[in-house]
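Take a look at the structure set out below.
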Amino acid sequence: MHRGTRAVAHWQENSACRREDPELFFPIGDTGPSLAQIEDAKTVCRECVVVEPCLQWALASQETHGIWGATTEAERRRLRRAAIRTTAPA
Ligand code: SF4
């Protein structure tokens, strides 16, 4: 959980991003220079012990901004769409 962004849930107490600049996790886009920032944020996430609950929280709360659980907004949209397709009746 990025410092100062929301109320802290229990799993967030162990988040790796608590020691990082919150701005790292909020790139202004997903092209050009933002790609390096996104990769840097994801590197922190990949070392984070709460990456899975973080991703599940971001998906459940439909978090639309920033890097959460080593995913971008666009990646979470794709995950949500894929989940809907797999749970939709045939
Ligand atoms: S997975 Fe990333 S955004 Fe989520 S708590 Fe860990 S470091 Fe922070």
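Whatever order the structure lists them in is the order used to number ligands and atoms, beginning at 1. Counting from 1, the numbers follow the sequence of the chain as shown. Remember, it's a predicted structure, so these values are computed and weren't measured experimentally.
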Exercise. For R77, which residues count as a salt bridge (charged side-chain N to carboxylate O under 4.0 Å, His left out) partner, sequence neighbours excluded?
Worked result: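 Counting only residues at least two positions away or on another chain, R77 forms no salt bridge (charged side-chain N to carboxylate O under 4.0 Å, His left out).
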
Problem set entry | salt bridge (charged side-chain N to carboxylate O under 4.0 Å, His left out) partners of E39, counting only residues at least two apart | R46

If you count the atoms of ligand 1 from 1 in the order shown, which ones are under 4.0 Å from a heavy atom of [X]?
X	value
V51	1 (S)
I67	3 (S)
S15	5 (S)

Exercise. Once the angle between the rings of W57 and W68 is folded into 0 to 90°, is it parallel (under 30°), tilted (30 to 60°) or perpendicular (over 60°)?
Worked result: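 The arrangement is tilted - the two ring planes meet at 30° to 60°.
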
For this session: Check the pair K42, T72 against side-chain contact (heavy atoms from CB on, under 4.5 Å), reporting the backbone distance first and the verdict last.
Result: CA-CA 9 Å; K42 285 182 170 184; T72 64; 4.1 Å; yes

Problem set entry | Contact flag C54/atom 4 (Fe) of ligand 1, N/O/S atoms, threshold under 2.8 Å | yes

Exercise. Nearest heavy atom to atom 2 (Fe) of ligand 1: which of G69, C45, P22, A58 does it belong to?
Worked result: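 Among G69, C45, P22, A58, the closest heavy atom to atom 2 (Fe) of ligand 1 belongs to C45.
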
Exercise. Under the 3.5 angstrom rule, does the side chain of E63 hit a backbone N or O of R76 as a donor-acceptor pair?
Worked result: no

